[in-house]
Amino acid sequence: MILDKLLANLSVEVEPFALCHINPGWRMRLPEPPVPLLHFVLRGQGAICGQRDVPRPIAASSMIVIPPGIKHALQADGPIEHERRIGPEQAGSLVCQPDGGKPSDACLVVACGLVKVQHGPALDLFAHLKDMLATDLADEPLVSAAFSRILAEQAGIAPGGAAMTKALMTQCLVHFLRHIASGGSLPWLDALQDPRLGRAVDRILEAPSAGHTVESLAETASMSRSVFADRFAAAFGQPPMALVHQVRMQTAACLLRQEGTLSIDEVAARSGYSSRSHFSAAFSKHHGASPTAFRAGVS
């Protein structure tokens with residue numbers, strides 16, 4: 001099943017989590033994140049407000065993913081009497097109490113960190129997310145324990161801290177995606193319950209160098225071309241060939257990052273391009289650097 005394969009091959013990158021303490025009566029407005037932002041409520045109760053300022057209740061063990069470019073706010077329980085805005089220059093160090101005093105026992109404590117979650121090097125699982133995703137993981141005590149361990153690993157200097165953090169975060173995200181899958185909140189995740197669409201996505205991910213067309217992918221999915229194209233775009237927020245291009249470009253970048261002796265021609269071929277010039281032009285447009293310059297920059 002394609003969903004099982006996605007969850008079994010998650011590639012997770014997470015920046016160090018910051019702690020946000022919000023005392024009762026306070027609201028903290030946060031800037032638009034450049035990549036998905038993950039919140040995990042460690043203690044207390046409150047609400048999170050999205051683009052329309054509609055409060056959504058949150059409590060200990062709530063996990064929320066905020067899409068890139070979305071303003072939002074965290075607030076503690078009780079009538080809001082004070083508000084603080086955090087600018088982009090402050091967003092990397094949200095260790096603060098909005099009223100300038102010590103956090104109270106009733107404060108809302110939230111771990112905040114930027115995350116990147118992909119299937120291998122290619123498919124960004126939170127790409128094209130239009131609104132926040134939130135779920136209550138109180139019935140998964142291992143998640144709360146894992147977050148406590150993540151914070152301890154990030155605060156310490158023990159060898160392997162980054163690897164341990166990634167492993168623990170992956171476990172948390174699998175629990176999160178399991179919960180979201182049962183609620184239908186993430187269109188592509190819901191769509192992959194259809195094995196026909198899943199077969200097409202699996203084909204793209206497993207063979208990015210194949211000569212994919214909308215027609216060939218529709219045939220793999222056992223759908224008509226028009227139905228397949230419409231269902232795919234609704235689920236993934238882009239046409240089928242746009243995902244093919246994205247997967248090919250990420251595959252090429254991964255190959256170029258690896259130490260080895262693959263020539264640019266070989267990278268092009270493994271990424272689905274028979275012409276080095278066409279590959280170089282496409283890669284430069286997508287990544288902002290030629291394949292040669294990209295490789296030199298990461299070596």
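None of the values given here were measured: they were computed from a predicted structure.
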Practice task
Only pairs at least two apart or in different chains count here, so list each ring-ring contact (aromatic ring centres under 6.0 Å, His included) that has a residue in residues 137-165.
Solution key: F17-F147, F40-F147

Practice task
Sort and list the pairs that fulfil ring-ring contact (aromatic ring centres under 6.0 Å, His included) and have at least one residue in residues 149-177, not counting sequence neighbours.
Solution key: none

Could you pull out all residues at least two apart from [X] that satisfy side chain to side chain contact (heavy atoms under 4.5 Å, CB included)?
X	value
S209	none
D77	Q45
A253	R257, F283, H287, F294
A76	I22, L108

Practice task
Any pair with a residue in residues 232-245 that passes salt bridge (charged side-chain N to carboxylate O under 4.0 Å, His left out), sequence neighbours left out, goes on the list, sorted by first then second residue, please.
Solution key: none

Handout entry: Pairwise salt bridge (charged side-chain N to carboxylate O under 4.0 Å, His left out) hits with a residue in residues 217-226, at least two apart
Key = E215-R225

Using salt bridge (Lys or Arg N to Asp or Glu O under 4.0 Å) as the criterion, list what pairs up with [X], not counting sequence neighbours.
X	result
E83	R27, R29, R85
R56	none
E140	none

Exercise for the section: Would you mind telling me which of R295, R270, E266 makes a side chain to side chain contact (heavy atoms under 4.5 Å, CB included) with L255? Expected result: R270

Name the atoms and distances for all side-chain donor-acceptor pairs under 3.5 Å in residues 158-169, with sequence neighbours left out.
| from | atom 1 | to | atom 2 | distance (Å) |
| --- | --- | --- | --- | --- |
| T165 | OG1 | G161 | O | 2.9 |

